[in-house]
Amino acid sequence: MTKTPHISVQHLNVHIGNQHILNDININIPDKKVTSIIGPSGCGKTTLLRSFNRLLDNTPGVSITGKVLVDGEDIYDPKAEVTHIRKKMGLLSQRPYPLPMSIYDNVAYGPRIHGIRKKQELDQLVEEQLKATGLWNEVKDRLNASATRLSIGQQQRLCLARGLAVSPEIILGDESTSALDPVSTSIIEDLFISLKEKYSIVLVTHILRQARRVSDYIVFVYGGKIIEFGPTEDVLLNPKEELTREYVKGYIS
Amino acid sequence: MTKTPHISVQHLNVHIGNQHILNDININIPDKKVTSIIGPSGCGKTTLLRSFNRLLDNTPGVSITGKVLVDGEDIYDPKAEVTHIRKKMGLLSQRPYPLPMSIYDNVAYGPRIHGIRKKQELDQLVEEQLKATGLWNEVKDRLNASATRLSIGQQQRLCLARGLAVSPEIILGDESTSALDPVSTSIIEDLFISLKEKYSIVLVTHILRQARRVSDYIVFVYGGKIIEFGPTEDVLLNPKEELTREYVKGYIS
Amino acid sequence: KRPPVIAPADDVEGTINISGAFALYPITVKWASEFKKLHPKVVFNISAGGAGKGITDALSGLVDIGLASRDIDPSEVKKGAYTVYVTKDAVVPTFNTGNPDAAQLLEKGVKRDQFLNIFVNGTIKSWNQLAGKVAAPIHIYTRSDAAGAGETWAKYFGKKQEDLLGVGVYGDPGLAQAVKKDPAGIGYNNLAYLYDLKTRKQVAGVHALPIDVNGNGKIDANENFYSTIDDLTAAIADGRYPSPPARNLGFLFKGKPKKKELVEFVKYVLSDGQKFVEENGYIALSKAKIQEELKKVQ
Amino acid sequence: MRRRKAEELFFKILMLIAAIIVCGSFFLIVGTIFAKGLPYMNLDMLTKTPGGGFYIGKEGGILNAIIGSLYVAGGATILGLLISIPVAIFINMYMNGKKFLSDSLRVAFDVLFGIPSIVYGAFGFLIMVYFGFRASLLGGIIAVTLLVIPILVRTLDEVIGTVPLELRDAALSLGATRWEMAKVVLRQIRPGIFTAILLSFGRAIGDVASVLFTAGFSDNIPTSLHEPAATLPLAIFFQLSSPVEEVQGRGYASALILTIIVLVITVLSEILIKKFSKHKS
Amino acid sequence: MQIRILKDKILSKLMLVFTLASVSLLLIIGIGLYVHSIPILEKSSWGTLVTSSIWKPLKGLFGFYPFIMGTLWVTGIAIVIALPLCLLTALFVVEYAHAGIRRVLVPFINLLSGIPPVIFGVWGVLFIIPLIQNYIAPHFVEFSTGYSVLAGGIVLAVMIFPLIVSIISEVLNTIPQELKDASLSLGATKWETIKKIVLRKALPGIIAAVVLAISRAFGETIAVLMVCGNNAVVPHSVFDPGYPLPALIANNYGEMLSIPLYDSALMFAALLLFIIILLFNIISRLILARLERKLTS
Ligand SMILES: Nc1ncnc2c1ncn2[C@@H]1O[C@H](COP(=O)(O)OP(=O)(O)OP(=O)(O)O)[C@@H](O)[C@H]1O
Ligand SMILES: Nc1ncnc2c1ncn2[C@@H]1O[C@H](COP(=O)(O)OP(=O)(O)OP(=O)(O)O)[C@@H](O)[C@H]1O
Ligand SMILES: [Mg+2]
Ligand SMILES: [Mg+2]
């Protein structure tokens, strides 16, 4: 927390319909670290994560107040360019959702949208990102096959490669391993750890053990509020708040 | 494994379309113990579990050969009575699916179709099962509310209570905690452990740590075949097979 | 108030089932209700559905009377169709009152051959081939549905409805409407659609296109009977208006009717019943024709 | 970036225009019918049968057609439900995964769905003549039932498809028979059944071609299944072909009545659907 | 216990009977129509009936070509008008409209689906015909009465709006939000996401919607016959009148069904419709199955 924060959330409130989902959130997500968001089901973890890249905007009936500064710029400023903000952040969802096209096109999709048309340049990018996620050797002979042919674990890595191809600064993951078997899970976890050299990473997870394995910082959310935020070991092993202690007990038992 | 097995699978082969999903399965599920089925995604865990209570029958294009003996009786015998077999086994799916009726009626549904009509008897049964799953105190004031109003964790316990109400002998669970938060998960896990006094329990799980916590025996399935079967500690900590070792490595790391 | 009708010892009773042409349906309902006043024990079941349906029903014995508004096909006669004509209506050629040559057209009229060349041969394409100088093309409208009106108009030339040229429009009112909206339009209509039954005058917008019956190139006094519906029906009744395009409408039986209530009903229709005909836009049969038809049921 | 934004804006505007056209057509139609029909609307239209032949007479109303239509559409929908619920259940729950067979059945019902109502009407009439059956309320109900069965089967089939398989498994693993499972599923899809009823009733009450030859047409309210019955769409059709302007006006008023009936049914069913969705999460 | 299972067995048999009975309707109709078409098929061959353009039934000349073409024109025009409008509307409703607007729009589309064909026909005569005659046609042709395949197509298009919109909306709703999120978070605009991802994923569903709409449009009778001119001539432009098969049956059946050959000809028209719809459904199924296989694997 010595560096300047990468994402700084200030007095964020989110309502959906007349429900108050997030309640006065204030947090600074550190740069080039892994931060995990934990909390019971329905506490607002996903909502918080989605507020970072303005995906919340598409939710029916949502109203958002407060600020989210990314690199010092308020993304909820009406003048802010939403596609630009989103390009900065790669999203990895719970289950992999490959786009309905070939493996190659999945990775090339983002760069193409942002104007890269040259075949050579694209080829290079695709290869680079598939290598970064360890997929290259597994798929290099069938780049034109449909992405849905891959196993779930491979699909999830493909989605990560796809996100990395638009050179984001931040990676957001929402329970990105919960559909995977242990082998695939540990590959993804290792990837997260290796990627934090270049990216800031925010993960939502239910598995406290995973949070411990991969993250530097932990945010505990409960009932739409941030209860505790601090370095991993502190929050998991030595929580300050009663609520946190209660929650992480399940992890210790 | 000293007692007689509760379920005995002999040379079970399952094809769906022209895919060979389960390949010559032979296994004896012990009585009054928790047995966990583990294995990578798509290896056939769910299929194996569903073969135990003949839910596979409804899958389009399925063909099944071999025997599954429950209490010594072959359930795939054409003369076997399928509703009777199913009544013997409670099923708990991945996400809770409450029946479209009130909390009370959900639990009373099974007993009612099996001929219990007396209000008093039903009341008692419902209370008993809701207590067994620790729900009674949470819902006793709103037994007539729709079951969908409950939280996911509560719904899952309700589904368990519903299954117990027809006094099964075996409980089958397919990743029954994967949609739940840690608190609800540990409640359900504790329930499984306490229930094994009266029931034989078979669980499918991805979480090796969970398998370790709750189960007495572990079956490792890979590519439609049983690779290893034995007491929990043996399989997880001291696997005999190379494939198993590879798979549980993720757990140990 | 009238004193109550003392019913004579009434031995006319039974059920009469009727179905068929829409053209005859309304007047038949009227006749039935009047007949019921005289013979309360008779029950009517009247249903509309088209001439073909009525004929099929009658020939297969499902109903007693089929209402027929078209020619009976030889194949139907073979099956035992037996027709008694009960009233008439007529088809009149029409054009738009806004036609630039309207005055000359009314004065000169149109000969049968000219109609034939417009409606069937298609050799007359422009209004100035009939009268006047404006070379406006003739827009022909015809009935799209198989209908008595179309058939009768075609029969004027010895043809069938399918031989008529023009844009098909559904139903009598549709055809009237289409001509009313198009200054260059020509069509034909049952006369009830051309006259207002209250004022007895021609409706605004469309006009009967007079037929030059004797072919002398102008409409003589005895050819000029279009101003009111009553003049026209009189002309039809005494034959000054050619037939076709006037036509007889009939009751169709399977074989000669025998049942007493049927015979009584037909007799009623051909006698007292005729007085309801004109107020409803139909044309009464001539005395001679009535006698001829009455013979068919005796 | 500018170009990408402009493209989005362009299509957004197109979408808005399209939505306005599609919804606007509703107002245009209802507006036209109101404008034409309202001047001729009166209480008699709703409460009296036609006096002196609907075609000539200007008295009375079209009560016979309103009742006839309700009889025909109601009867056909009930009869259709009685047949199509078992069929939909059978296809989905009793065919034990014989995919080819159940898919073929679905194609068959799709084809039946596509068969024009005029063919059902004409065909119904052929059968009636064959059996010596006069055009009657019963004939109309049967022809319209043929018409709505595929609609009902298809809709119910779709709705049943949305019920999660796990719910069926849950019922089965409690020892329920397939029929008992079917009852749970039926409960779950109650709102869907309402949608199906609405669709079928709407189609049944508005269809002309299937009743043209089968139901007959009469000025009286039918008192038994064997009497001919008038229906609203036919009454509209006939009145509009009358030479008398006033009767044509009554045709527009009848059209207005039919439109209002259909709209009321639609709105009612939307409300019912909401009410019955209680147990769905 | 025994009783429950017996009940299940009996009901299963009963349902089987119901299912077979209702499906065999297809067979019965097919055979029935064929049997009634035999008299005309004995007089002329399939080939001449379908390709000849001369329709003089009372002279024994039965050419169905104009009617087949009339059907195709009207249906084609309806789809060409309705598909883009409905696709855009569905996209608007599902992807762009605010919840409030959606709550207003969707009921209107549902209401539209309830309006009976006669009403569409009446509206067509009162509104579309004058519109074409006075405002549209004069820009293209010298004169049109308004009664044309275009009028039929427009009325039919409006009739199938709700069907297409609701099916496409349903399809769009089944596309997982996560998939759209995936594209959006790569920095794609919403429109790019729709164009490249949503429409692609929805393609089979859209095709299915069109198939259903075409099936419906083929058979629509009353509304179309009131506006499309019903001239037994092959149309050459959208302003020409046309005469679809269902209109042919409705117009003539009630009047002519007691004349054997005419009756048989009309039943043959019904048989043609039946065959077209049968083939169309089967072919489109095959195409759809292939497409889905291509997209999913
Ligand atoms: N679109 C929505 N409409 C209404 N309420 C919503 C919506 N999305 C989320 N909520 C509500 O907001 C709250 C927080 O939801 P959120 O998905 O952020 O929880 P979560 O912590 O991610 O839960 P989980 O662990 O189950 O994923 C929940 O109570 C949920 O019901
Ligand atoms: N209905 C079906 N039709 C065709 N293939 C099927 C069907 N159900 C399962 N399979 C195939 O059978 C194999 C085993 O599936 P199963 O669901 O048993 O795996 P699993 O071990 O439970 O996986 P997971 O951990 O993802 O739940 C998979 O390859 C799957 O694709
Ligand atoms: Mg979440
Ligand atoms: Mg599984």
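The chains referred to below are lettered A, B, ... by the order of the sequence lines, with proteins before strands, and numbering in each begins at 1.
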- prompt: How long is the gap from CE on D:Met95 to OG1 on E:Thr19, to the nearest 0.5 Å?
  reply: 8.0 Å

query: With only heavy atoms counted, which part of E:Leu91 is less than 4.5 Å from chain D, the side chain, the backbone, both or neither?
result: both

message: With chain E as the partner, which of D:Gly202, D:Pro150, D:Ser25 has the greatest number of non-hydrogen pairs under 4.5 Å?
response: D:Ser25

statement: When the 4.5 angstrom heavy-atom criterion is applied to D:Ile149 and chain E, the contacting part is side chain

field: Interchain contact, D:Val30 with chain E, by part (heavy-atom threshold 4.5 Å)
entry: side chain

message: Just so I understand: if I count every heavy-atom pair under 4.5 Å between each of E:Leu266, E:Ile29, E:Leu85, E:Val125 and chain D, which residue has the most?
response: E:Ile29

- prompt: Who wins among E:Leu87, E:Ile101, E:Ile277, E:Leu111 for the most heavy-atom pairs under 4.5 Å with chain D?
  reply: E:Leu111

query: OG1/E:Thr89 to CD1/D:Ile21 distance, rounded to the nearest 0.5 angstrom?
result: 8.0 Å

message: Any carboxylate oxygen within less than 4.0 angstrom of a Lys/Arg side-chain nitrogen, looking at D:Arg4 and E:Glu192?
response: yes

task: Without swapping roles, check the side chain of D:Glu180 against the backbone of D:Thr177 for a donor-acceptor pair under 3.5 Å.
output: yes

D:Asp157 and D:Arg154 ion-paired at < 4.0 Å: no

query: For E:Ile276, is it the side chain, the backbone, both or neither that has a heavy atom under 4.5 Å from a heavy atom of chain D?
result: neither

Chain D contact via E:Tyr96 - which portion, at a heavy-atom distance below 4.5 Å: side chain

- request: Would you please classify the geometry between the E:Phe67 ring and the E:Tyr243 ring as parallel, tilted or perpendicular, with 30° and 60° separating the classes?
  value: perpendicular

Part of E:Ala188 within contact of chain D (heavy atom distance under 4.5 Å): backbone

task: State which residues pass side chain to side chain contact (heavy atoms under 4.5 Å, CB included) with E:Ile287; sequence neighbours excluded, sorted by chain then number.
output: E:Ile283

- request: Check whether the ring centres of D:Phe27 and E:Phe108 lie less than 6.0 Å apart, and answer yes or no.
  value: yes

- request: Could you look at E:Leu16 and say if it's the side chain, the backbone, both or neither that has a heavy atom under 4.5 Å from chain D?
  value: both

Residue among D:Ile205, D:Ile20, D:Leu146, D:Ile85 with most heavy-atom pairs under 4.5 Å to chain E: D:Leu146

- prompt: For the candidates E:Leu14, E:Ile194, E:Val118, E:Val93, which exhibits the highest count of non-hydrogen atom pairs separated by less than 4.5 Å from chain D?
  reply: E:Val118

Under 3.5 Å, which donor-acceptor pairs link side chains of residues 113-128 of chain D to any protein atom two or more places apart or in another chain?
{"from": "D:Ser117", "atom 1": "OG", "to": "D:Asp207", "atom 2": "OD1", "distance (Å)": "3.0"}
{"from": "D:Ser117", "atom 1": "OG", "to": "D:Asp207", "atom 2": "OD2", "distance (Å)": "3.2"}
{"from": "D:Tyr120", "atom 1": "OH", "to": "D:Leu112", "atom 2": "O", "distance (Å)": "2.8"}

statement: The interface call for E:Lys190 against chain D, heavy-atom contacts under 4.5 Å, is both

- prompt: Given a strict heavy-atom distance threshold of 4.5 Å, which part of E:Phe120 is in contact with chain D: side chain, backbone, both, or neither?
  reply: side chain

field: Under 4.5 Å from a heavy atom of chain D, the part of E:Leu11 involved
entry: side chain

query: Ignoring hydrogens and geometry, is there a side-chain-to-backbone donor-acceptor pair from D:Ser69 to D:Ile66 under 3.5 Å?
result: no

statement: The interface call for E:Phe18 against chain D, heavy-atom contacts under 4.5 Å, is both

field: Side-chain donor/acceptor of D:Thr231 to backbone N/O of D:Ala65, under 3.5 Å
entry: no

- line: Most heavy-atom pairs under 4.5 Å with chain E, out of D:Asp110, D:Val267, D:Leu263, belong to D:Asp110

message: Please classify the contact of E:Leu26 with chain D as side chain, backbone, both or neither, using a heavy-atom distance under 4.5 Å.
response: both

- request: Would you mind checking which part of E:Ile222 comes under 4.5 Å of any heavy atom in chain D, side chain (CB onward), backbone (N, CA, C, O), both or neither?
  value: side chain

- request: Measure distances from D:Val22 to the heavy atoms of chain E and classify the residue's part below 4.5 Å as side chain, backbone, both or neither.
  value: both

